Amino acid sequence: MSQVMIGLLFLWHLLTFGAAKEKAPFCQILESPEFPLLSKEGDVMIGGAFSIHSKITQPQLSFTEKPSRVTCSSVNLREFRFAQTMIFAIQEINKSKFLLPNVSIGYRIYDNCGSTLTSMRAAMALMNGDEWTVGKSCSGQSAVHAIIGESESSSTIVLSRTTGPFKIPVISHSATCECLSDRKEYPSFFRTIASDLYQSRALAQMVKHFGWTWVGAVNSDSDYGNNGMAIFLAAAQEEGVCVEYTEKFHRAEPEKLVKVVEVIRKSTARVIVGFLAHVEMNNLLEKLSLHNITGLQFIGVEAWITADSLVTPTSFSVLGGSLGFAVQKANISGLGDFLIKDFWETEFKCKETNNDTKAASCEGNQDLIELQDNDDDVAELRYSNNIYRAVYAVAHSLHSILKCSKSQGCDRTIKVTPWQVVESLKQVNFTINNGDQVWFDSTGAAVARYEVVNWQRGSEDSVQFKPVGYYDASLPPGQKFVLNTKAILWPGGKTEMPVSVCSKQCRPGTHKVLQKGKPVCCYHCIPCAEGEISNSTDSNDCKKFKPELNTKKHLMGKT
Ligand SMILES: *[C@@H]1O[C@H](CO)[C@@H](O)[C@H](O)[C@H]1NC(C)=O
Ligand SMILES: *[C@@H]1O[C@H](CO)[C@@H](O)[C@H](O)[C@H]1NC(C)=O
Ligand SMILES: *[C@@H]1O[C@H](CO)[C@@H](O)[C@H](O)[C@H]1NC(C)=O
Ligand SMILES: *[C@@H]1O[C@H](CO)[C@@H](O)[C@H](O)[C@H]1NC(C)=O
Ligand SMILES: *[C@@H]1O[C@H](CO)[C@@H](O)[C@H](O)[C@H]1NC(C)=O
Ligand SMILES: *[C@@H]1O[C@H](CO)[C@@H](O)[C@H](O)[C@H]1NC(C)=O
Ligand SMILES: *[C@@H]1O[C@H](CO)[C@@H](O)[C@H](O)[C@H]1NC(C)=O
């Protein structure tokens with residue numbers, strides 16, 4: 001690993017200073033170039049970085065020879081579809097007579113294999129290109145004009161920080177960490193999804209709405225999970241919701257997960273807020289199934305609530321009835337056919353030998369070739385729309401930089417710099433053919449719009465992510481958050497809402513007494529003292545009973 005890092009540092013050095021040294025004799029990539037998994041040349045180039053494989057195997061380091069490449073395994077179909085969608089959108093724009101009429105768009109898509117180390121290599125490759133460029137001086141020009149990706153916040157942070165000094169725009173379709181809203185840290189970052197600031201607060205409002213004042217909280221130990229959970233916890237406190245426990249783990253920490261499951265098993269909260277990436281949710285789900293921990297009310301985030309990979313024959317007993325915020329669905333006409341039929345024939349040509357082509361070799365990607373026959377259900381294409389919007393946003397920016405018009409075509413003599421694309425992206429405001437309005441707010445994010453979905457039984461063994469409400473931050477106060485409680489099915493197929501409180505309500509005639517060292521939601525109900533009353537539930541105290549005058553007289557008369 002250390003040798004790989006040294007290689008990267010050399011690259012960094014070349015990138016930063018190479019361009020400045022005008023008389024540099026030549027400029028050369030020290031390591032062998034990284035080839036994109038999928039690529040095509042064009043007048044303008046868009047990069048892509050997705051985690052098409054989700055596991056890496058580090059080679060054994062002998063320190064006697066150059067370390068071999070990391071190998072990637074375990075195809076992630078969802079991420080593969082993101083790459084396919086990106087190509088679909090590019091082809092559509094390429095054919096358009098209105099958008100970039102005279103300009104062809106090319107792409108380079110890299111696989112980061114679910115590792116931030118490989119992400120770093122992909123980021124370098126996207127900037128450098130894969131030419132050996134021996135004998136030439138570095139042009140200092142990036143090989144791509146914008147980068148679409150990545151899916152997870154942590155790898156997006158690596159990508160944005162790496163490309164940031166070169167002002168190359170990065171547009172993510174699913175990185176939601178509020179930390180990425182900082183314009184000083186990430187001046188060229190954009191996203192076609194909202195920051196978690198809204199989702200975290202909406203989660204707290206939902207929990208409060210159902211009267212669940214005693215909840216458990218579990219999050220991924222990542223930028224996504226930690227930031228999202230911190231905002232939720234602050235909002236929950238404001239709403240008067242108490243949290244019995246907060247636990248976190250990372251996918252690479254199975255021992256920690258065992259501990260988390262133990263905490264859940266011993267807890268009394270019936271509701272769990274899971275701020276988890278779908279990988280960690282999958283790990284947790286497996287463990288809960290194994291220990292028959294079922295019937296809990298899960299409250300989920302956009303990252304897992306509609307993840308197909310969580311739907312297994314046994315998962316419904318654990319996650320049935322889950323409620324959460326999902327990225328809105330949208331129709332992209334022609335995409336379904338493209339994903340199933342057209343893609344393989346036209347696009348996926350890894351080459352038996354990759355001497356000449358700029359595609360990755362088939363050898364390491366046999367599993368992708370086998371996928372061809374996988375006729376997976378493509379009904380839930382939620383994030384794909386975000387990819388689609390991101391590609392269109394880049395195209396609209398380039399369209400305005402190149403001063404394109406339908407009659408005159410584009411001015412192809414203009415040399416586009418990535419920073420121009422950044423500035424132009426800040427201005428875009430357009431409508432795509434399915435009616436979606438696309439623009440970025442001052443932090444570079446899209447407006448927060450979610451669908452509230454509920455895990456219900458579909459036909460046979462399938463799971464239906466039934467819409468039961470929505471959250472739309474662009475609407476006026478009072479209309480932003482709507483829930484259709486009657487349509488919800490609760491865990492265990494029940495029609496009755498679960499109750500999750502630390503203490504039962506105090507009846508009128510009693511008052512709350514907090515328990516020392518326990519959260520404010522845990523209390524005893526003590527009857528009012530003589531001469532005092534409380535006429536509402538959950539009274540904090542009893543009021544002195546003031547008899548009215550005539551009653552007083554009557555009482556006095558009696559004595
Ligand atoms: C874009 O269009 C040109 C000209 O029709 C074609 O040669 C090229 O392959 C297309 N590129 C993509 C990415 O579809
Ligand atoms: C879980 O439930 C199944 C069937 O109800 C049972 O066979 C299994 O032993 C249980 N496992 C545990 C860990 O309780
Ligand atoms: C998508 O298209 C189908 C059929 O054309 C339609 O029933 C559905 O309402 C559309 N969904 C959205 C979100 O527009
Ligand atoms: C690929 O390169 C190797 C060595 O660089 C060479 O022996 C081989 O003939 C080349 N194959 C093709 C198809 O050009
Ligand atoms: C496309 O661009 C070329 C070269 O810049 C130009 O000669 C041609 O007229 C353009 N075509 C259209 C249809 O705008
Ligand atoms: C985008 O344009 C629409 C009209 O086409 C306008 O209503 C909306 O306010 C604009 N949004 C921004 C952020 O400029
Ligand atoms: C409780 O008593 C107060 C004052 O006596 C009165 O204003 C209030 O309406 C009563 N509340 C209920 C729920 O009866």
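For ligands, and for the atoms within them, numbers begin at 1 and follow the listed sequence. We use all heavy atoms of the structure for the numbers below, so side chains are in, but hydrogens, waters and symmetry mates are not. Model, not experiment: these values are computed from the prediction.
In this structure, atom 11 (N) of ligand 6 has a protein heavy-atom contact shorter than 4.0 Å. Within the 4.0 angstrom cut-off, atom 14 (O) of ligand 6 has one or more protein heavy-atom neighbours.
With no hydrogens or angles considered, no side-chain donor-acceptor pair links Ser405 and Gln408 at under 3.5 Å. For the residue pair Gln205/Tyr471, the side-chain donor-acceptor check at 3.5 Å is not satisfied. Of the N and O atoms on the side chains of Ser51 and Glu150, not one donor lies less than 3.5 Å from an acceptor on the other residue. Defined by atom type and a distance below 3.5 Å, a donor-acceptor pair is missing between the side-chain atoms of Arg121 and Ser115.
For ligand 1 and Tyr107, the ligand atoms under 4.0 Å from any heavy atom of the residue are 13 (C).
Nearest non-hydrogen protein atom to atom 4 (C) of ligand 6 is Gln437 NE2, 4.3 Å.
At a 3.5 angstrom cut-off on N or O pairs, Gln91 does not count as close to ligand 1.
Contact annotation: for Ile105 versus ligand 1, heavy atoms closer than 4.0 Å belong to the backbone alone.
Counting heavy atoms only, Asn429 comes closest to atom 1 (C) of ligand 6 of the residues Asn429, Val428, Val438.
At distances below 3.5 Å, not a single donor-acceptor pair connects side-chain atoms of Arg251 with backbone N or O atoms of Val279.
Two rings, from Tyr198 and Phe325, have their centers 6.0 Å or more apart.
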